[in-house]
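These notes are about the structure you will find just below.
All chains are named by letter (A, B, ...) in the order of the sequence lines, taking the proteins before the strands, and each is independently numbered beginning at 1.
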2 protein chains.
Amino acid sequence: MQPNFTVAEENHIKAIYHLQQLSGKVFTNDLAAALETRPASVTDMLKKLKAKKILHYEPYQGFYLNSEGKKIALGIIRKHRLWEYFLVEKLHFGWDEVHEVAEQLEHINSKKLIDKLDAFLDYPRFDPHGDPIPDSNGKMAAQQQVNLTQLDVNQQAEICAVASQARGLLELLKHSNIGIGTKLEIKRRFGFDQSVEITIKNQQTMMLSHQVAQALFVKII
Amino acid sequence: MQPNFTVAEENHIKAIYHLQQLSGKVFTNDLAAALETRPASVTDMLKKLKAKKILHYEPYQGFYLNSEGKKIALGIIRKHRLWEYFLVEKLHFGWDEVHEVAEQLEHINSKKLIDKLDAFLDYPRFDPHGDPIPDSNGKMAAQQQVNLTQLDVNQQAEICAVASQARGLLELLKHSNIGIGTKLEIKRRFGFDQSVEITIKNQQTMMLSHQVAQALFVKII
DNA sequence: TAAAAAATTTAGATTTGTCTAAATTCATTT
DNA sequence: AAATGAATTTAGACAAATCTAAATTTTTTA
């Protein structure tokens, strides 16, 4: 039987998972920044997660979830993404307003609930941001997505995921009429600041900063 | 703006609300028993709720929610019962297995979520146990229900609510094939232990103890 | 490679929610 | 009306999750 984890522990586990996907190993300051907490608080939590045997951790040397820890992280991510799908598809939330609520719902503890929710939603494979939803065994589809910064001029693409959940970004995108499913074409690149000019829906032209372009993942059409 | 309440505070508020519905005033030991906690812990919490101005409380004299407190309690009850309805109607949970999950879901904090859920469920007025669901203003339909202990011999009735959420009771009822909607007739009463003999669905006859009968609410047919 | 800077951990404190044991207050009863 | 007993509160403790400030370790750099 899996031990129970507190909400604080689960939040740390999920954030470690996402960070270690990028580079394999995670460091105290980065995790503290991601969780908007302090490095000292992270250290405290690392000791607890190590004691619960889900984390490789040597003081000063970084840390990462072991396979048990990754399983737990995938369970939380499964819940988060299924709830997001539910909120958008059934309750008609906008895709940009589900994150906060899903952050709460992901901590509800009931395997039966989540498996029945999965069935009710007809086993969706991607959430409203285009991220794959793990199945009840932790398996999920690969993202076949390309970062917008990697496209060539004149290439056409459709946005299928927004990588960052940062509040300001979602506002900017909404203001610019950019969302999941938006079709666009790369018009020009500026080496100076790595910004990019795009046309959306074959009419409106706009500039995106490198930071914004980096957060956008697309399928090439 | 309503202040935020912790999960522990919300659990106390809800339990106080239910107890004060019975007799107007609530006492420390009773609340401790209802929450399966200790009287000293209850006293601590009472001070916090009084400081937040939602509770009338004089040491040693009992306590009760003021109108602000009742509003908050009704908000929690609204969430609990809407989620129960969702679990039974949409996810096909049994009516007797939703309580624990709803106890968690009732603490999710998002007015938008709960109002959208309400709309999605088409504004149900009663939960799967027959209890009325408060609307977004805290109004709810009256229960037109009678306790099974109050029926006369030969009266027929239909079960529409189970008052106690106690685990053992639900098991007993399930075992005995008694649930919401079960039609029954009072056959005999025994003054000795106040037990009652009933026939369900015009065939199976059984005895119910006073404790069980007290937990059952019915509509007279 | 020694000093400075950065990253991390430790030490000690705070808040929340709980507990036990002891003290206090209230109610009952002779 | 004093004594007993029940109910309640107070006092003091603890675990979880956080924090700040100081100490330590690692990394960088001059």
Side-chain angles (χ1 to χ4, degrees), chain A residues 2-16 19-20 22-65 69 72-73 76 103-104 106-107 109, chain B residues 2-16 19-20 22-65 69 72-73 76 103-104 106-107 109:
Chain A
Q2 251 176 25
N4 265 12
F5 293 93
T6 66
V7 170
E9 285 168 344
E10 288 192 353
N11 284 334
H12 282 76
I13 292 166
K14 195 176 62 148
I16 295 168
L19 289 174
Q20 83 184 37
L22 301 176
S23 47
K25 219 173 197 186
V26 186
F27 296 90
T28 306
N29 278 2
D30 297 334
L31 182 55
L35 290 169
E36 294 181 299
T37 181
R38 300 298 177 162
S41 310
V42 165
T43 302
D44 290 342
M45 188 59 81
L46 295 176
K47 290 177 192 165
K48 288 181 207 168
L49 297 182
K50 182 176 185 179
K52 293 196 175 186
K53 295 180 201 271
I54 63 170
L55 188 73
H56 279 271
Y57 167 53
E58 295 300 329
Y60 296 101
Q61 303 302 311
F63 46 89
Y64 50 95
L65 297 171
I72 293 155
I76 301 164
E103 287 282 301
Q104 293 183 63
E106 74 188 3
H107 302 294
N109 220 314
Chain B
Q2 249 175 26
N4 264 14
F5 293 93
T6 65
V7 170
E9 285 168 344
E10 288 191 352
N11 285 333
H12 282 76
I13 292 165
K14 197 177 61 148
I16 295 169
L19 289 174
Q20 83 183 38
L22 302 176
S23 47
K25 221 174 197 187
V26 185
F27 297 90
T28 305
N29 278 1
D30 298 334
L31 182 55
L35 290 169
E36 293 181 299
T37 180
R38 298 300 175 162
S41 310
V42 166
T43 302
D44 290 342
M45 188 58 81
L46 295 176
K47 290 176 192 164
K48 287 180 206 166
L49 298 181
K50 183 177 186 179
K52 293 197 176 187
K53 295 179 200 270
I54 62 168
L55 189 72
H56 279 271
Y57 167 53
E58 296 300 331
Y60 296 101
Q61 303 303 311
F63 47 88
Y64 51 94
L65 297 172
I72 294 156
I76 301 164
E103 286 283 300
Q104 293 183 63
E106 74 188 2
H107 302 295
N109 218 314

* Structure fact -> Among the nucleotides D/dA21, D/dA16, C/dT20, whichever has the atom closest to the side chain of A/T6 is D/dA16
* To do: Would you please confirm or rule out a distance under 4.0 Å between OP1 or OP2 of D/dA17 and any side-chain N or O of A/T37?
  => no
* Structure fact -> Among the nucleotides C/dG17, D/dT8, C/dT9, whichever has the atom closest to the side chain of B/E9 is C/dG17
* Asked: Where does the angle between the aromatic ring planes of B/H56 and B/Y64 fall among parallel (under 30°), tilted (30 to 60°) and perpendicular (over 60°)?
  -> parallel
* **Residue of the set B/K47, B/K14, B/K52 for which salt bridge (Lys or Arg N to Asp or Glu O under 4.0 Å) holds with B/E9** => B/K52
* To do: Report yes if some heavy atom in the side chain of B/N11 is under 4.5 Å from a heavy atom in the side chain of B/H107; otherwise report no.
  => yes
* Asked: Nearest of C/dA21, C/dT9, C/dT18 to any side-chain atom of A/T28?
  -> C/dT9
* By nearest nucleotide on DNA chain D, pick out whichever of A/P59 and A/H12 is the more 5' one. => A/H12
* Asked: Is any side-chain nitrogen or oxygen of B/N29 closer than 4.0 Å to OP1 or OP2 of D/dT8?
  -> yes
* Starting from P on D/dT18, measure out to CG on A/L35 and report it in whole angstrom. => 9 Å
* **B/L31 vs B/F63 side-chain heavy atoms within contact, under 4.5 Å** => yes
* Asked: Between C/dT18 atom C1' and B/N11 atom CG, what is the distance in whole Å?
  -> 14 Å
* Structure fact -> Rounded to whole Å, CD of B/Q61 lies from P of C/dT25 at a distance of 12 Å
* Asked: Which listed nucleotide (C/dT10, C/dT18, C/dT20) is nearest to the side chain of A/T43?
  -> C/dT10
* **Pair A/V26-A/Y57, side-chain contact (heavy atoms from CB on, under 4.5 Å): steps then yes or no** => CA-CA 10 Å; A/V26 186; A/Y57 167 53; over 6 Å; no
* Structure fact -> note: A/K48, atom NZ; C/dT10, atom C1'; distance rounded to Å ~ 15 Å
* Asked: 5'-most contact on DNA chain D: B/V26 or A/D44, nearest heavy atom basis?
  -> B/V26
* Whole angstrom is fine here: how far is it from CD in A/E58 over to P in D/dT25? => 15 Å
* Length of the line joining A/D30:CG and C/dA6:P, which is rounded to integer Å -> 15 Å
* Rounded to the nearest Å, what distance is computed from the CD atom of residue B/E36 to the C1' atom of nucleotide C/dC19? -> 16 Å
* Classify the nucleic acid contact of A/A8 as base, sugar-phosphate or nothing, counting any heavy atom under 4.0 Å across all strands shown. => sugar-phosphate
* Asked: If you look at every strand shown and take non-hydrogen atoms under 4.0 Å, does A/F63 touch a base, only sugar-phosphate, or nothing?
  -> nothing
* **Short side-chain N/O contact from A/Y57 to OP1 or OP2 of C/dT8, under 4.0 Å** => no
* Asked: Any idea which of C/dT20, C/dT18, C/dT25 is nearest the B/Y60 side chain?
  -> C/dT25
* Asked: Quick one: is B/R38 getting a side-chain N or O under 4.0 Å of the C/dT18 phosphate, OP1 or OP2?
  -> no
* Tell me what A/P39 touches on the nucleic acid: a base, only sugar-phosphate, or nothing, going by heavy atoms under 4.0 Å. => base
* **Rounded distance (Å) that lies between atom C1' of D/dA16 and atom CG of A/N4** => 15 Å
* Structure fact -> Closest of C/dC26, D/dT18, C/dT9 to the A/M45 side chain is D/dT18
* Listed nucleotide nearest any side-chain atom of B/S41, set D/dT18, D/dT9, C/dC19 -> C/dC19
* To do: Report yes if at least one side-chain N or O of B/K47 is closer than 4.0 Å to OP1 or OP2 of D/dT9; otherwise report no.
  => no
* To do: Kindly indicate, with the supporting measurements, whether the criterion side-chain contact (heavy atoms from CB on, under 4.5 Å) is fulfilled by B/L49 and B/I16.
  => CA-CA 11 Å; B/L49 298 181; B/I16 295 169; 4.0 Å; yes
